[in-house]
Amino acid sequence: MSPSLTDTDKMSSELISSAVQVIKAAKNICVLTGAGISAESGIPTFRDKQSGLWERFSAEELANVTAFERDPALVWSWYQWRRGEVKDKQPNPAHFALTTWQQQAEALEHRLCLVTQNVDDLHEQSGSEAIHLHGELWRNHCSSCGAPYEQDIDTQITELVSCPKCGGHIRPSIVWFGEMLPHQAWQSAQRAAATSDVFISIGTSSLVYPAAGLAQLAKAKGAMVIEINPNPTGGQSNRLIDIQLPYPAGQVLPILVNQLAR
Ligand code: APR
Ligand code: ZN
C-alpha cells in the first residue's frame, strides 16, 4: 500500500512554480477574493446551501432593499444569525499568506492591492488591509437617514434597532443586490485591476457583477490572470485564465507566497 499522498504532494509543483515565476516578474498585482478564501475558516460560501432555519431562503431573497422594506425584522434577524455564525471564526492559512505577502511587498518590489467581495473581517483579523466591495458584516447604518450606527449590537438581539437620530430602522452596511458598490472602493478596485500586471482571483465563482468584471478588465489591459479555486470557473475552456490552480486556497497560497520570497 503506497503511502497516501498528502494534499500538498498532490498539488502540481510545476503549476505552482509557473504562477510564482509570473508573479515574481510582475510589479503591480491585484488580488480579488471571494467567499472561498473563508471556506477553510468554516464560513459557508455564498452559494452553499443555507443551514437550519434559513434553509428555505436563498441569500438573494434576503439581501435586498425590497426584502428589508417588506419585512425588516426577518432580514435583520438573518444578518444577526449570520454574525453569530461568523463571530468565532478565525482566519485560515490563506488569509495569513496574503498578510505575509502584503508585509513583504516592498522587499519584493510589488505593489499589491487586495480587493474582497467578502463581508467577513478575516482579512483584517489576519492583519491585511482589504478593499471591501460588498460592505462589511459588522458595520451598520440607518436605513432612513444613512447615519452610521457605531454602537455594538449583541448578535443575540433579533429585535429591530432604531436610529437615535431619526428613529429609522438600523440595517447592516452590506451592499444589497441592486445597490451601487461603495464609490471609492469600486474606483480603487478598477484602478488596481486596470493597472495590474497579474490579476489573481481567489475563491470566487465570478458570477456576480460588477466585481466579476475586474478580471476581464485586467485581461483587456494585458494582465496575466491566475485563478485559485478547487472548482475552476468557466470550465477548462475559460480563455480568461492563464494559470489555473485548482486547489484550496488554504493549501496553495502559503506555498506560493513562500516561494515568492525565495
Ligand atoms: N479555496 C478556494 N476557493 C474555494 C474554496 C477553497 N478552499 N472552497 C470553495 N471555493 C470556491 C468555490 O468553488 C466557489 O467557486 O469559492 C467560490 C465561492 O463562490 P460563491 O459562493 O459564489 O461566493 P462569491 O464568488 O464570493 O460570491 C460573490 O455574490 O452573493 C454575492 O455578495 C455576495 O460577495 C458575494 C458575491
Ligand atoms: Zn436615521
Side-chain angles (χ1 to χ4, degrees), residues 7-8 11 31-50 57-64 67 72 78-79 82 86 89 91-95 97-98 115-120 122-123 130-137 140-151 160-182 185-186 189 200-215 226-235 238 241 244-256:
D7 288 341
T8 312
M11 292 193 283
V31 172
L32 173 68
T33 63
I37 199 168
S38 298
E40 289 157 275
S41 296
I43 298 179
T45 64
F46 221 89
R47 276 156 195 83
D48 278 348
K49 266 189 74 53
Q50 299 218 80
F57 294 100
S58 79
E60 284 78 353
E61 284 171 276
L62 295 168
N64 66 69
W78 178 54
Y79 277 97
R82 283 186 61 191
V86 166
K89 299 297 187 287
N92 69 63
H95 296 102
L98 290 178
V115 180
T116 188
Q117 300 170 91
N118 297 342
V119 295
D120 65 51
L122 296 187
H123 281 307
I131 295 171
H132 282 264
L133 292 180
H134 294 163
E136 297 181 63
L137 189 59
N140 295 293
H141 64 273
C142 175
S143 58
S144 301
C145 71
Y149 186 82
E150 309 289 0
Q151 291 170 45
L160 285 166
V161 177
S162 300
C163 171
K165 293 186 169 55
C166 75
H169 294 315
I170 296 301
R171 57 162 280 185
S173 299
I174 300 271
V175 179
W176 280 338
F177 286 97
E179 289 188 313
M180 299 289 284
L181 270 54
W186 181 234
I200 310 177
S201 169
I202 305 174
T204 178
S205 58
S206 302
L207 290 174
V208 174
Y209 286 80
L214 290 172
I226 298 172
E227 179 177 75
I228 297 177
N229 188 333
N231 312 300
T233 56
N238 191 339
I241 295 166
Q244 185 78 256
L245 299 176
Y247 311 120
Q251 289 177 27
V252 68
L253 258 179
I255 296 170
L256 188 145

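Ligands are counted one by one from 1 in listed order, and the atoms in each one are counted from 1 as well. Just so it is clear, the structure is predicted and the values come from calculations on it, not from any experiment.
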Can a non-hydrogen atom of Leu207 be found less than 4.0 Å from any atom of ligand 1? no
Out of Asn229, Thr233, Ile202, who gets a non-hydrogen atom closest to atom 12 (C) of ligand 1? Asn229
Within reach of ligand 1, part of Gln117 (heavy-atom separation under 4.0 Å): both
Any donor-acceptor N or O pair under 3.5 Å, side chains Glu136, Ser173: no
Does only the side chain of Phe177 get under 4.0 Å from ligand 1, or the backbone, or both, or neither? Count heavy atoms. side chain
Check the angle between the aromatic planes of His95 and His123 and answer parallel, tilted or perpendicular using the 30° and 60° thresholds. perpendicular
Should the proximity of Thr45 to ligand 1, defined as any heavy atom under 4.0 Å, be assigned to the side chain, the backbone, both, or neither? both
Any non-hydrogen atom of Pro230 lying under 4.0 Å from ligand 1? yes
For residues Thr33 and Thr116, is any side-chain donor paired with an opposing acceptor at under 3.5 Å? yes
Cationic N near anionic O, under 4.0 Å, Glu150 to Lys165: no
Rounding to 10°, state the angle centred on the Zn ion (ligand 2) that links SG in Cys163 with SG in Cys142. 100°
Angle at the Zn ion (ligand 2), SG of Cys166 to SG of Cys145, rounded to 10 degrees, please. 120°
